[in-house]
Each structure stands twice: as C-alpha cells, then as structure tokens.
Q: 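One structure coming up, written as structure tokens, with questions to follow.
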Amino acid sequence: MNAQLASHYSSDYPEYAANLSGQSVAWLKTLRSEALATFSSTGFPTLREEEWRYTNVSAIEKKRFKPVEKTGTINENLLKTYRLDDAWTMVFVDGYFSPEHSHTSGLSDEVELSSIADILETQAEKLKPYLGQAVSNDEHNFVAFNTAWFNDGVFLNIPAKQVLSKPIQLLHIVSQPDALVTTRNIIVAGKHSESEIIETFIGENAYLNAAVNEVFVEENAALTLYKLQSESTKSYHFGGTYVKQQPNSRFNHNSFSFGALLARNDVHTDLETASECSLNGLYLGVKRQHIDNHTRINHNKPHGISREFYKGILDNRARGVFQGRVVVVEDAQKTDSEMNNRNLLLSNDAEVDTKPQLEIYADDVKCAHGVTVGQLEEKSIFYLQSRGVDEETARNVLTFAFANEMVDKVSIDSLKTLLETELLKSLPIEL
Amino acid sequence: MLSIKDLTVNVGDKQILKGLNLEVKAGEVHAIMGPNGAGKSTLSHVLSGKAGYTITGGSVTYEGQELTELDPEMRAREGVFLAFQYPVEIPGVSNIYLLKAALNAIRKHRGADEIDAMDFLVWVKDKVRLLDMDEKFLYRAVNEGFSGGEKKRNEILQMAVMEPKLCILDETDSGLDIDALKIVAHGVNSLRSENRAFVMITHYQRLLDYIKPDFVHVLADGKIVKSGGAELALELEEKGYSWLEKQEVA
C-alpha cells in the first residue's frame, strides 16, 4: 500500500477510475481528483472529529469493499416488497441504474429524470451548475469519497410550476457481497413546483452504501423527500442530503431509518429569506445496530422557519445518535426554530447519545429545543394489562404508538402501509 | 363471587390493610366508604394486580381461585374490572383499538373467535350511545386530552364493552359535575344484573344517590369497621367519619 495514502480505497482508486462514468468530462475529472486528494489525506472520518465522535466507521477501512460489475441477479421479492405501486420508480441495482426494473411512463416529458451516468455520456454540461454546489468536499470525507467514486445516480429536474401527480421513488437495492455502492443524486425543484420523492435503501449481504443527494429548492417551490432505509444487518450505510433553499421555498424531510449494521444519515439545509424546512425522523435500532442521525439547519437570512422532530427507539444492545445543529447567523432576524428529540430505550444495554446544538448570533429570534430519553411508563403498561392485554403485547403496542406518530405524518398511502409493516416486523402486534 | 379474608397488605414497611374482610355475591352492589388514607385505593389496586403492594397475609378468593396469584391481564380476562381513579392517557393508541384488543383478549381466553370488525363497530357504537359520548371519541387516543368527566365515562365504556363479572369503581365520582355523574350512574345502573357485582369505592355519599348500594362498608385504618345498608351512607354523610372513629375508641 502506498504509505502516503490514509486509506487503501485510495490505493485501489486508479484501477477503478478508468471505468468511472464521465471520464471524458474535463471539469468532472478535476472535481474528482480534488475530491480524491481530500479523501486520501485523512481517509474516512474518525472519532476525533466532533461530528463523528459517537460513530466509529473504522470497520469500513478494514473491510475492503469493492465496486462491482453490473449484475442481473437480485432478490425480486425484496424489490417487490419495497417498490411502491403508486409512484414512478427508478431502480438502482448495486449502484447501477436498472431500466428493466424501473418504470416512469406517464411522467411529463418536461420533467427530466435520467441516470447520471447516461447524462455524463452526452449532456454533462447540464450537471455542471449543480454538482458539488450544495455540498463541498470539505464537509467530511464521505462526501469527498462519494464525489471521487460515484458512478451513477439520478438527475431529476422539475421545471417551474410543475406539480407532480405521483411521487418519484428512487429505489436502491444491493445484492452482491462486499459491494461498494456509491450513488450521487442531483434534484432540482424549479420555482413554484411541488413534488414528493422517496429514497429507499434495501439490500442483502455485507456492503457499503455511500450515497449523496444535492438538492436545490428554488423560490416558492415545495419539495418533500422521504427516506426509508432498511438494509442488511451486515451492511454499512452513509447517506447525506444537502439542500439549498431559495426564498419562500419549503423543504420537508422525513427519515425512517431501520438501520444496517451501521447507518449514518446526514441532512443539511441552508435557508434563504422566509424559507421553511421541516425535518422529521424515526430511527429504530435492535440487536447491535448503530444508527446515527446528523442534521444541520443554517438560517442564513431573516424570517426562516425550521421544525425538527426526531424519535428514536433502541432495543437490545443497539445504539442511537442524534446530533441536531441549528445555526442562526446575525442577519437571520425573526428566525423561528424548534427542535425536538425523543428517545425510548427498551433495554438496559441500549444507548442513545443526543446532542442538540443551537448557535444563535441574531438577537430577535424564537428558538426552542427539547430532548427526552426514557422508558415505557409502567402505569401505561398496567393500564393495558388491566384491560386484558398481556404485558409483552402492551409493551409492543406502546412502542408502536410512540413510533407511529412519525408514520402518521406520511401522506403517501402505500408508503404509510409499508412503514407500518416495517414497524410490525420489530413489534409484533395485531392492528 | 369475591371473598376477602383477613387481608393484610404492606407498601414498603408500612402496613396499609390490617385484616380486611369482605364478602360480595353476584348481583350485589357494595359501597366502601372511608376517610382519606384508610386504604381504599390500596384495596382496589390489590384486587386489580397493580405492582408495588406486598400481601403479607389473608386471602382473596374470586370465583373459587386465589385472585392475587393471577397476572393483571388474567384477572381482567376472568372478569375483574377496575375503573381507575386516574385513567391513564395513552398517546398513539386509539380508544377503538384498545376496546377491540380488550374484547378479543377476553374472547380468546374463553375460547371464542375474534369478533368480526363490522359487528364490533355496531356493538361498540351502541355502548357509546349508552354513555352519551360522541362517536369521535372512539378514534381519539385513549384519554389523551380528555376532561375529567370524559375520562370517567371512558372507563365505564370500557367496562360496558368488556362485560366483567366483578366491577370495581375507584372514586369514579371524583371530579365529576352533576350532569356527568348522572350519565356515569346511568351507564353503571344499566349494567347491573344478577350475574354481576359492583364494589364502589368512594369518599362521598353523592354517587350513592344515583347508584343505590345494597351494602355500605366503612373502611378506616385498614379494616372494615362498620357495615350496613344504604342508610349507613346517609348517616355518615350527616355525622362525618369522626363519628365512627369516636365510636371505635369508645
């Protein structure tokens, strides 16, 4: 191994780079080589970094995940379970766009929805205004890693005033063992547009998913992004969503993380004048799962509104992390911000680290935050028992109810049903 | 139906019930009255199986079996119902879910099939009308944001759905205005039958104006110190509990 490189992934890179999409695009090659240099200097984030202090990803370095060739063999039943009937679907298999599993017929021609690998072949210039603009390689090295390694993803451009009649599902399924899967999505919600997108991550075997979304919400646009992550308990997941919100825009993010072996979810948004964001999340960890949620809301201009509500349930030896950071700059007067994180620990060995961080430099703002970590209330369990419900069911019912508050916020019926089913897998009760 | 003999109960090191005796037969309505701290709530909690009480002596026989050896859910399935003094709010669990889960738990225990969803709805709406409640209550979270009166009515609704044999009402009248009290009393009275018994625990005689008891017992310092008919409640109302305490000393 080259002694100057902090990661063996960097040593393997030259061999891999020849097959990367967009090799003929000069500006992209520059972007990638800068990213590679950033990544190679220190490798994956370590516990010494404040924003990674609760999440140890060193196993990824030891594992040597490798990019895989395109493959045709996937678990069709698994795909069927998670593919939503009432959405347009773009399916990615082991990180490659799979047209035969996707269906987008009926989507307006004015909406651009393509594989990024395809776009890079012929119309790479379309990506130039966006790629690397919502997040820089300095954010942390998973982003730099993704920029250097990504091979596919979607480019979704919703033109001004378009209101999508159905949601778009971006479904990522991984099947090959030891696969390194890196996708990059660019999502542009044009002025006055309204749309809903559902990211779904599923898979089998041990693999690494390192996905980055760059999202641009133009003036007066409304975009809701759902993320359902329910992966193999041997896999590693990093998913970062970085959002630039223009004035008067609305961005809603609803994250449902049922985990991998180790999952890290980042959501960062930059708010312009009078824009609003709502970040909701549910994380449910069992056995030895580790689920880390990291959010940042930057109020850069006045009159912004942010609402954040994350709930966590940790059982067995699972560990959860919530780090919520809100920054209100001096110019962002009249900011209205609320953050709430509630956690339920179902076992003595489960753990949660929760860290709300408010940094307020403006003087005329309304900012509130609250955090709770607790257990099921004995008096509630007894009340249900006194109505004939056995203790185990009572605990499951109460836990389901705690989680279901987040599922209730989902406005897409098929997704809501899917999420309920997902919850019932961990909490068997009869509805 | 229920036979309590020389029951002694501790909370921690402190003895709360000090040799309580009570016989309740099917079809009877008993009122247990007494001053604060006499052990009224302890009695209702011990009968329903709440944790935190140590039974140090005596027995509680219900339908031929030792009640205190059963888990709370088994007591409920066997037909013992407690209407809570302070009903618990359960966010995220709808009333209708709880009612259906409760009913099906009992049916399963008896070896009956689960109730058909439509049949259940018709039946439960009938009970809702009995309690003069809005059907919307069925779809609200259990007791969440309910007024004091609504919570107590909800308890009686659960009782009506579960059709228990032994109903224990713990201070059901507390926090009720006169209209709510009449509604609750009407609900209880309509459930009276020769197969069902009631034990009403109350501080005041007020509830007994609307639900006429067959027997009134005075619980003081962990024991039944006086028993009588409905007229005993009126006498207590007039003379106060201190009358009995003085009598006891004398």
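So you know, we letter chains A, B, ... as the sequences are listed, proteins then strands, and number each from 1.
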Q: Please assess A:Glu378 against B:Lys50 for the test salt bridge (Lys or Arg N to Asp or Glu O under 4.0 Å), listing each intermediate value before the final yes or no.
A: CA-CA 10 Å; A:Glu378 290 301 325; B:Lys50 191 175 180 179; over 6 Å; no

Q: Counting only heavy atoms from other residues, nucleotides and ligands, does the tally under 6.0 Å from CD of B:Glu66 exceed 12?
A: yes

Q: For B:Ile90, is it the side chain, the backbone, both, or neither that has a heavy atom closer than 4.5 Å to a heavy atom of chain A?
A: side chain

Q: What orientation do A:Tyr383 and B:Phe84 show, parallel under 30°, tilted 30 to 60°, or perpendicular over 60°?
A: perpendicular

Q: Please report the interatomic distance OG(A:Ser386) to CG(B:Leu47), rounded to the nearest 0.5 Å.
A: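 If I round to the nearest 0.5 Å, the distance is 13.0 Å.
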
Q: If I measure from the heavy atoms of chain A, does B:Val161 come under 4.5 Å with its side chain, its backbone, both, or neither?
A: neither

Q: Could you tell me which portion of A:Asp390 (side chain, backbone, both or neither) has an atom closer than 4.5 angstrom to a non-hydrogen atom of chain B?
A: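 Its backbone and side chain both get close to chain B.
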
Q: To check you understand the geometry: which heavy-atom pair defines the closest contact between A:Phe382 and B:Ser48, and what is its length?
A: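 Smallest interatomic distance, heavy atoms only, reads CZ-OG, 3.5 Å.
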
Q: Taking all atoms of both residues into account, what is the closest heavy-atom pair of B:Ala105 and A:Gly388, and its distance?
A: CB-O, 3.2 Å

Q: Does atom CG of B:Asp116 have more than 12 heavy-atom neighbours, drawn from other residues, nucleotides or ligands, at distances under 6.0 Å?
A: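 Correct, the count exceeds 12.
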
Q: How long is the straight-line distance from CD of A:Glu391 back to CG of B:Asp71, given to the nearest 0.5 Å?
A: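 Taking CG in B:Asp71 and CD in A:Glu391, the distance rounds to 8.0 Å.
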
Q: Taking only Lys NZ, Arg NE, NH1 and NH2, and the carboxylate oxygens of Asp or Glu, determine whether A:Arg387 and B:Glu155 approach each other closer than 4.0 Å.
A: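 Between B:Glu155 and A:Arg387 there is a salt bridge, with a charged N closer than 4.0 Å to a carboxylate O.
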
Q: Relative to chain A, which segment of B:Pro164 carries a heavy atom at a distance below 4.5 Å: side chain, backbone, both, or neither?
A: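 Neither part, no heavy atoms under 4.5 Å.
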
Q: For B:Tyr86, look at atom OH and say whether over 12 heavy atoms of other residues, nucleotides or ligands are found less than 6.0 Å away.
A: no

Q: With only heavy atoms counted, which part of B:Phe81 is less than 4.5 Å from chain A, the side chain, the backbone, both or neither?
A: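 Interface part for B:Phe81: side chain.
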
Q: Considering residues, nucleotides and ligands other than B:Asp134, do more than 12 of their heavy atoms fall under 6.0 Å from its CG?
A: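 Buried by this count: over 12 neighbours within 6.0 Å.
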
Q: Using a cut-off of 6.0 Å, state whether more than 12 heavy atoms not belonging to A:Arg307 lie near its atom CZ.
A: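 More than 12 within 6.0 Å, yes.
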
Q: How about CG on A:Asp85, more than 12 heavy atoms from neighbouring residues, nucleotides or ligands closer than 6.0 Å, or not?
A: no

Q: Kindly determine whether A:Val397 and B:Tyr97 satisfy side-chain contact (heavy atoms from CB on, under 4.5 Å), including the steps that lead there.
A: CA-CA 10 Å; A:Val397 165; B:Tyr97 175 82; 3.3 Å; yes

